[in-house]
2 protein chains.
Amino acid sequence: MSVIDLSKIPVPEQNLRSYLDTVCETYELDFAAYAGIDPIQQTIHGFVNYPEDWQAHYVKQGFQHKDPALLMASRSIAPVDWQRLRKESMFEKILLAGQEFGIPEQGLTIPVRGPYGDVGLFSVTRNCTDHDWKLLKASILGDLQHAAVHLHDHVMKTNILTRRLTHPSLSIREIEILQWVAAGKSQQDVADILSISNRTVEVHLRSCRMKLGALTTAQAVGRAIGLSMIHPV
Amino acid sequence: MSVIDLSKIPVPEQNLRSYLDTVCETYELDFAAYAGIDPIQQTIHGFVNYPEDWQAHYVKQGFQHKDPALLMASRSIAPVDWQRLRKESMFEKILLAGQEFGIPEQGLTIPVRGPYGDVGLFSVTRNCTDHDWKLLKASILGDLQHAAVHLHDHVMKTNILTRRLTHPSLSIREIEILQWVAAGKSQQDVADILSISNRTVEVHLRSCRMKLGALTTAQAVGRAIGLSMIHPV
DNA sequence: ACCGAAATTAGGGAAATCCCTTAGCCTTGC
DNA sequence: GCAAGGCTAAGGGATTTCCCTAATTTCGGT
């Protein structure tokens, strides 16, 4: 449950954190942050270009699990402007704490989702008036949205979050059978569909459970979906 | 600042079609289309400003279930340029069929996901050379991304899809029990944990299955995870 | 305050799954 | 060629899930 600084992880290409810097420079922003939610463990991994001390304070207080900006954005399709959160006490608290570290009041969090329940939250901040913020936002929102998608796509492709999503190796047959079970078929149904014995189906399912470390078939289905090895039907 | 404010568009669906027209005019595009995928029934609802006859032909052929542009975009985070699909025979077939109705070769499909497993696919097309398309794309991709997000957000906030999604409202008890089952607990385990009868647990699970339209508990777990109602454990 | 819909609680019996075991055939890799 | 692992198949018995029914409680609406 700790925030991992992805910028310290060796990435074949460019340092992701410097990408945030570039975004800030390009769009006249103060800070930018990316937080990726691991769809399996529900942990949050992030990298930011906030000041180190604010980052430390933020994590120490466990703000990443309470921050209304992240919570609301993780339930939203459209970007969430922090102005809409001002009435919330928890947000006020975080904002107040952030002021001591020079964190601006104006901000915006953009959610991006992938097909496997993965979520990326891209936040940017700027110290300015409400009016200026509105103007700035309107002019760069499209680009920020694009940047957010690009960022999350890149993170998911460079195995940072997905590394553990591909490891347990079910055989093709096992995945095939588990997919049918996830589609609501009984063992006998699957046996008939695949023209094999229901006993055989059961052996494969047991193998699936063992490999996935699941106690029941239902749990195995859940894990396999969480691991994006099969899809919910 | 060429982004269109979707929030000012009235509710009825006919106006969404006119929004597509507006997008096309603004960005010098020929056609635009939106397709929303119901995560439960796996059905596709859409509206387009393609010619009526192409639309009819497309649906009649069942292309919405085979179209590589839709399939790939529904598994992608980033937008999918149709140029990347040219090698696929099915795409070639659809493109060839579309040519008779004046459907351009250049196109782009942008996926947008919501927190409930809902997916919106926003496609635009333009008849031009590869080079011109590349230039156009680079200049408007951010805005299109933004438009796609607001389109899907708007549809989800007003449309039938939303009703389908918010309606499978499992009770707190049902979610609690399904979450335990997803964690590998048996009915009796859950009964002991919650200090209720295993019969009661079973009834709740049956209710879960019914509400989620699932045939088996394993399928219900899968769907609930797909809908982010519970988490894989 | 009352009614109805939904949630929560169970029991009994039928059906399916799960576990342990053995075993032949085929492919892949060293 | 041989070993390892995947796919197939099966019996028997214990456990679990599933289906039908039904009582009690809770809660929003008139």
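Just so it is clear, the structure is predicted and the values come from calculations on it, not from any experiment. So that the names make sense, note that chain A is the first sequence line, chain B the second, and so on, each numbered from 1.
- Rounded to an integer number of Å, the gap from CZ of R173(A) to P of dC25(C) is 19 Å.
- Distance from the side chain of V203(A) is smallest to dA9(D) among dC7(D), dA9(D), dC19(C).
- Here the CZ atom belonging to R223(A) is positioned 13.0 Å from the SG atom belonging to C208(A), to the nearest 0.5 angstrom.
- The distance from atom CG of L205(B) to atom C1' of dA10(C) is 15 Å, rounded to the nearest whole Å.
- The number of heavy-atom neighbours closer than 6.0 Å to CH2 of W133(A), taken from other residues, nucleotides and ligands shown, is above 12.
- Using a 4.5 Å heavy-atom cutoff, the side chains of H152(A) and L121(A) are not in contact.
- If you check every strand for non-hydrogen atoms under 4.0 Å, S171(B) touches sugar and phosphate atoms only.
- Going from atom CD of E202(B) over to atom C1' of dG12(C) covers 12 Å, rounded to whole Å.
- Per the geometry, CD belonging to Q188(B) stands 18 Å off P belonging to dA14(D), to the nearest Å.
- Between dT21(C), dC18(D), dT8(D), one nucleotide has an atom nearer to the side chain of Q187(B) than all others, and that is dC18(D).
- Side chain of I196(A), nearest nucleotide from dT8(C), dT8(D), dT21(C): dT8(D).
- Between R199(A) and dG12(D), a side-chain N or O to OP1/OP2 separation shorter than 4.0 Å is absent.
- The interatomic distance linking H204(B) (NE2) with dA10(C) (P) rounds to 9 Å, in whole Å.
- One can place CD of E176(B) at 15 Å from P of dA7(C), the figure rounded to the nearest angstrom.
- Residue L215(A) contributes atom CG, which lies 12 Å from atom P of dT17(D) at whole-angstrom precision.
- Between K211(B) and the phosphate of dA6(C), there is no side-chain N or O to OP1/OP2 separation shorter than 4.0 Å.
- T217(A) comes within 4.0 angstrom of sugar-phosphate atoms only, judged by non-hydrogen atoms across all strands, and of no base.
- Ring pair Y34(B)/F122(B): centre-to-centre distance not below 6.0 Å.
- Regarding E174(A), its CD atom lies at a distance of 10 Å from the P atom of dT8(D), rounded to whole Å.
- Taking the ring centroids of H154(A) and Y19(A), they lie at or beyond the 6.0 Å cut-off.
- Counting only heavy atoms from C-beta on, S197(B) has its side chain closest to dA10(C) among dT8(D), dT8(C), dA10(C).
- Looking at heavy-atom distances under 4.0 Å, S186(A) makes contact with sugar-phosphate atoms alone, never a base.
- Distances were taken from every side-chain heavy atom of T200(A) (C-beta onward) to each of dA9(D), dC19(C), dC19(D); the shortest belongs to dA9(D).
- Residue contacts shown for R206(A) include a base, since a base heavy atom lies under 4.0 Å away.
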